[in-house]
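Taking it in order: structure first as structure tokens, then the write-up.
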Amino acid sequence: MKKRIQKILIANRGEIALRIMRTCREMGIATVAVYSEADRTSPHVLYADEAYYIGASPAKESYLCGEKIIEVAKKSNADAIHPGYGFLSENSAFARMVRDAGIIFIGPSPEAIEQLGDKTKAKQLLRRTTVPTVPGTDEAIESLEEAKRIAESIGYPVLIKAAAGGGGKGMRIVERAEELENALRLAQSEALNAFKDARVFIEKYIAAPRHIEFQILADNYGNVIHLGERECSIQRRHQKIIEESPSPIMTKELREQMGEAAVAVAQSAGYTNAGTVEFLVDEKRNYYFLEVNTRLQVEHPVTELVTGIDIVREQIRIAEGDTLRWKQNEIRLRGHSMECRIYAEDPSNNFFPSIGTIQYLRSPNGVGVREERGIEEGNDVSIFYDPMLAKLIAYGENREIVLARMIRALQEYRIAGVITNISACISLIQHKEFYKGNINTGFINTYFGDGFPQNISDEEYCVSAIAAVMLMENKRNSNVQTSVQQVHSSQWKNKKFTEYR
């Protein structure tokens, strides 16, 4: 039954909340933001039509509190909830709570999340299909003794993974038997903190594979299509940094095979809405099912640019009960796109997170450049959330043009107040093997194992730019004494802002 959505609550923060809100505005749909103490003046709060405070800064007291979010949805008369990614986006209990409250959940059903969002259940399901999977367990590990027995049977190195989540949380590579106990304990603890679920499983670790994923869309009438692949092999600590589409190794035949496998995975669980089926591909182009992300992916803009499809718009349409607008043979990939995730972290110090206040920000611009960010000057980068500040996406007619365009855009990017990974992204893209497309998940360890050089040029540039602005202001009025923070604060002085509680 079709129902036009009038108002959507976005149960998230930062750039993804803004990205969803922008499509909602284009569709004439009102938006509701939720925010924690740390996010009182964040851009997504100010952009939304309504904003509601839901708790203290730690996510477990705010963005992970499903009951509070549903309470706000009811109070604001929201028709639907979009979870974004992270937080509660792959939590089947939350999706069920939303449904039981009579609110539309913009995502797959709770049952599909339970089947595919849980990695052990997904592997059990796919054992009954022809989709190849990585050797390992189908059940969560119950004890250290069981873990030892399984690891010995499939052979080291092995990979311990959280059953209930992704993003590198709860994941540990174990090279030798004597490392297993500590790795198991750390993985379980991290999984519990990130997903409120300590279950982990073990599978064979495939050294230096390529990480390739397929975007899928599925309506409520059994129609499933894929939108091509994304190459996501450049990673640090099992989290992606650079993504692109199409993959440099993809052939027409391999795309058809992997795309059909991705569609089969979705159909096996009665999947609906948007999702991503992830694979590992070895040096011989053998592919193995890795996992399903039952949500919108961070890197979805890469696919949007090469297909011309607004994936968030399609998520909303599917949630309203519409059928897919395309058949598989109508999907065409045009040109090339690439995304760099901009993190507040220090590449010269093992990507250690950086906190502080954004004192200066200059975004790149020009032909074929798209930026999605959740920060502005004066915003604080805190310890409470993922350190990703923004996503920078470049698009062009081929990979060579995109590489040049991305380097140019990264060189234009200026952020002062925190250390960022911008210089590391430039180093990665300029590497001759990356340029050739010879990449895998071990790329950083192989070519940057000794770390990235410390880069202070951006900070120096930004401080100089701020000083120049202040000097000009002082020349206009010798009595003016100000600071970057005071300048920013003055922008808010007369702004009318209503806090909803």
If every non-hydrogen atom of [X] is compared with every non-hydrogen atom of [Y], which pair is closest and at what distance?
X    : Y    : result
A112 : T294 : O-CG2, 4.5 Å
C232 : E299 : SG-OE2, 3.9 Å
E139 : F201 : O-CB, 3.8 Å
I358 : I415 : CD1-CG2, 3.9 Å
G396 : V402 : N-CG2, 3.2 Å
P157 : E175 : CB-OE1, 3.6 Å

Atom [atom1] in [X], atom [atom2] in [Y]: separation rounded to 0.5 Å?
X    : Y    : atom1 : atom2 : result
I444 : I439 : CD1   : CD1   : 11.0 Å
I342 : M388 : CD1   : CE    : 9.5 Å
S427 : L410 : OG    : CG    : 10.0 Å
Q124 : R127 : CD    : CZ    : 9.5 Å
T133 : K204 : OG1   : NZ    : 14.5 Å
R399 : S245 : CZ    : OG    : 11.5 Å

Is there a donor-acceptor contact under 3.5 Å linking the side chains of [X] and [Y]?
X    : Y    : value
E50  : Y52  : yes
Q215 : H226 : no
D310 : T23  : yes
N293 : Y85  : no
E231 : H211 : no
E397 : H336 : no
E371 : Y413 : yes
Q315 : N273 : yes

Is there a side-chain contact between [X] and [Y] (heavy atoms, below 4.5 Å)?
X    : Y    : answer
H300 : L296 : yes
R96  : F105 : no
K240 : R230 : no
I106 : I20  : no
R25  : D49  : yes
R405 : M338 : no
P301 : I393 : yes
F351 : R237 : yes

S36 vs Y385, side chain to side chain donor-acceptor pair (under 3.5 Å): CA-CA, chis, key distance, verdict = CA-CA 11 Å; S36 70; Y385 313 116; 2.5 Å; yes
message = Take a 6.0 Å sphere around CD of Q257 and say whether it holds more than 12 heavy atoms from other residues, nucleotides or ligands.
response =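 Yes - once you tally the heavy atoms of other residues, nucleotides and ligands closer than 6.0 Å, there are more than 12.
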message = Within the supplied structure, the quantity of interest is the number of heavy atoms (other residues, nucleotides, ligands) at a distance under 6.0 Å from Q430 CD; does it exceed 12?
response =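 For Q430, atom CD is crowded (more than 12 foreign heavy atoms under 6.0 Å).
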query = With the threshold set at 4.0 Å, does a side-chain nitrogen-carboxylate oxygen contact exist between E26 and R313?
reply =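 Yes.
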request  = Can you tell me which residue pairs pass the salt bridge (Lys or Arg N to Asp or Glu O under 4.0 Å) test with a partner in residues 423-449, sequence neighbours excluded?
outcome  =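 Every pair satisfying salt bridge (Lys or Arg N to Asp or Glu O under 4.0 Å) with a residue in residues 423-449: E433-K436.
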Plane angle bin for F434 and F443 - parallel if under 30°, tilted between 30 and 60°, otherwise perpendicular =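 Rings of F443 and F434: perpendicular, as their planes differ by over 60°.
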query = Between H431 and Y447, how do the two ring planes meet: parallel, tilted or perpendicular, split at 30° and 60°?
reply =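 Judged by the thresholds at 30° and 60°, the geometry between H431 and Y447 is tilted.
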query = In a check of side-chain contact (heavy atoms from CB on, under 4.5 Å) between E339 and each of I242, I241, T303, V298, which one passes?
reply =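 Exactly one option meets the side-chain contact (heavy atoms from CB on, under 4.5 Å) with E339, and it is V298.
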Using atom types as modelled and distance alone, determine if a side-chain donor or acceptor of [X] lies under 3.5 Å from a backbone N or O of [Y].
X    : Y    : value
R373 : I375 : yes
R362 : E412 : yes
Y435 : N438 : no

task = List in chain and number order the residues that pass salt bridge (Lys or Arg N to Asp or Glu O under 4.0 Å) with E67, two or more places apart in sequence or in another chain; answer none if no residue qualifies.
result =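 Listed in chain order: nothing, the list is empty.
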key: Which residues share a salt bridge (Lys or Arg N to Asp or Glu O under 4.0 Å) with E71, sequence neighbours left out   =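 Listed in chain order: nothing, the list is empty.
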message = Does the Lys NZ or Arg CZ of R22 fall within the cation-pi geometry relative to Y47 - under 6.0 Å from the ring centre and within 45° of the axis?
response =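 So R22 does make the cation-pi contact.
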request  = Tell me, with the steps shown, if K252 and E256 meet salt bridge (Lys or Arg N to Asp or Glu O under 4.0 Å).
outcome  = CA-CA 6 Å; K252 182 176 182 293; E256 288 179 356; 2.8 Å; yes
message = Between R199 and D118, is the salt bridge (Lys or Arg N to Asp or Glu O under 4.0 Å) condition met? List the steps.
response = CA-CA 10 Å; R199 293 176 305 124; D118 185 297; 2.4 Å; yes
